[in-house]
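The figures that follow rest on heavy atoms only: side chains count, while hydrogens, waters and symmetry mates do not. All of these numbers come straight from a predicted model, not from anything done at the bench.
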Amino acid sequence: MDELARELSVLRDDLSPHWDEARSERLYVGVGSLRRRRQVQRLSVGAMSVCLLAAVSFSALRGSQVHDQAHDRTQAAVTLASRLAHGASDMRPAAAAVTSVPAVKLTRISAGESLRLSDGSHVQVVSSVGELDVVGNESMRIDLRLRAGAAHFAVVPNHERHFVVDAGAVQVAVVGTVFDVERVEGRVRVAVVEGK
């Protein structure tokens with residue numbers, strides 16, 4: 001039995017790890033490195049999750065805004081069509097073509113032409129010598145210049161929007177109305193059909 005105990009003691013000494021300062025330092029550095037890697041992984045996953053959530057939220061918000069803008073324009077067109085159908089169309093030629101105008105381009109329309117502005121308002125040149133420039137065409141700022149002749153305007157109501165027709169010596173600023181402006185030989189005439 002003594003022999004067995006001695007062999008077990010020798011084997012135990014061989015099996016016990018040799019622990020020294022260098023081994024402790026290596027283990028400490030390894031654990032710290034592992035901790036930093038896991039922290040970086042967690043932060044990376046968190047950052048990617050936040051970016052994905054932000055992208056989805058932005059996409060949903062943008063889709064909602066586009067839908068709201070389309071709905072607003074549809075409502076404005078329905079309102080304008082209703083007003084034109086109830087007597088505001090007496091100065092419009094029967095076969096006038098309606099076009100839309102881009103927001104940034106200076107556009108000129110002349111006799112018999114009409115267009116729909118970015119805010120849903122409708123403009124038509126009604127005299128044979130008429131010329132109208134679209135200087136600014138953004139949803140919250142419309143600037144028009146009547147160079148000559150007469151034009152008919154059906155403006156969608158909006159108290160926050162800037163809508164001005166420059167007719168030389170006279171500038172007509174409106175909130176939402178149906179009116180005519182005529183510029184002939186240095187004189188300007190404004191006739192309000194509906195609104196003020």
Side-chain angles (χ1 to χ4, degrees), residues 57-196:
S57 298
F58 177 75
S59 176
L61 177 64
R62 183 70 180 139
S64 168
Q65 289 174 343
V66 168
H67 178 267
D68 290 348
Q69 288 172 350
H71 181 265
D72 291 347
R73 286 186 179 162
T74 302
Q75 287 299 100
V78 168
T79 302
L80 181 60
S82 171
R83 286 187 171 180
L84 291 174
H86 288 82
S89 61
D90 55 332
M91 294 187 68
R92 296 183 330 133
V98 176
T99 58
S100 292
V101 177
V104 291
K105 182 180 171 187
L106 175 67
T107 304
R108 178 171 293 165
I109 63 170
S110 50
E113 294 179 322
S114 65
L115 58 88
R116 188 164 319 281
L117 299 168
S118 63
D119 68 340
S121 297
H122 184 263
V123 179
Q124 182 175 15
V125 176
V126 294
S127 66
S128 60
V129 295
E131 283 188 342
L132 178 86
D133 290 341
V134 180
V135 179
N137 185 21
E138 298 173 359
S139 62
M140 296 305 287
R141 185 173 183 89
I142 306 291
D143 290 296
L144 306 170
R145 183 181 309 122
L146 182 62
R147 298 170 62 81
H152 178 75
F153 303 86
V155 180
V156 175
N158 184 345
H159 292 281
E160 297 175 11
R161 178 204 51 229
H162 166 91
F163 192 106
V164 174
V165 178
D166 181 2
V170 176
Q171 287 191 342
V172 182
V174 297
V175 172
T177 185
V178 178
F179 65 102
D180 302 314
V181 178
E182 184 177 28
R183 183 177 180 183
V184 179
E185 299 176 358
R187 293 184 317 176
V188 177
R189 182 182 69 83
V190 178
V192 178
V193 177
E194 182 180 318
K196 59 182 178 178

Quiz prompt | Straight-line distance of Glu131 CD to Arg183 CZ, nearest 0.5 Å | solution = 11.0 Å
Exercise. For the residue pair Arg187 and Glu182, establish whether any side-chain heavy-atom pair is separated by less than 4.5 Å.
Key: no
Quiz item: Considering only heavy atoms from C-beta outward, does the side chain of Asn158 approach that of Met140 to under 4.5 Å?
Solution: yes
Quiz item: So do Leu117 and Val134 actually touch side chain to side chain, heavy atoms under 4.5 Å?
Solution: yes
Quiz prompt | Side chain proximity check, Phe179 to Val193, heavy atoms < 4.5 angstrom | solution = no
Quiz item: Donor-acceptor pair, Asn137 side chain versus Ser118 backbone, under 3.5 Å?
Solution: yes
Using distance only, find each side-chain donor-acceptor pair of residues 160-170 under 3.5 Å and give its atom names and separation, not counting sequence neighbours.
residue : atom : partner : partner atom : Å
Arg161  : NE   : Asp119  : OD2          : 3.4
Arg161  : NH1  : Asp119  : OD2          : 2.6
Arg161  : NH1  : Val156  : O            : 2.8
Arg161  : NH2  : Val156  : O            : 2.8
Arg161  : NH2  : Val175  : O            : 2.7
His162  : NE2  : Asp143  : OD1          : 2.9
Asp166  : OD1  : Gly168  : N            : 3.1

Quiz item: For the atom pair CD (Gln124) and CG (Leu115), what is the distance rounded to the nearest 0.5 Å?
Solution: 9.5 Å
Quiz prompt | Any side-chain heavy-atom pair of Val181 and Val188 under 4.5 Å | solution = yes
Quiz item: Are side-chain heavy atoms of Leu132 and Val123 found at a separation under 4.5 Å?
Solution: yes
Quiz item: Which atoms form the tightest heavy-atom contact between Ser110 and Val125, and what is the distance?
Solution: O-CB, 3.5 Å
Practice problem: Give the minimum heavy-atom separation between Arg116 and Gly120, together with the two atoms involved. | Solution: NH1-O, 3.9 Å
Practice problem: Hey, could you give me the OG1/CD distance between Thr107 and Glu113, rounded to the nearest 0.5 Å? | Solution: 10.5 Å
Quiz item: Which atom names give the shortest non-hydrogen contact between Gly149 and Ser127, and what distance separates them?
Solution: CA-OG, 3.2 Å
Self-check item: Beyond-backbone contact of His122 with Ser114, side-chain heavy atoms, under 4.5 angstrom
Solution: yes
Exercise. Could you check His152 against Val178 for side-chain contact (heavy atoms from CB on, under 4.5 Å), going step by step and ending with a plain yes or no?
Key: CA-CA 8 Å; His152 178 75; Val178 178; 3.5 Å; yes
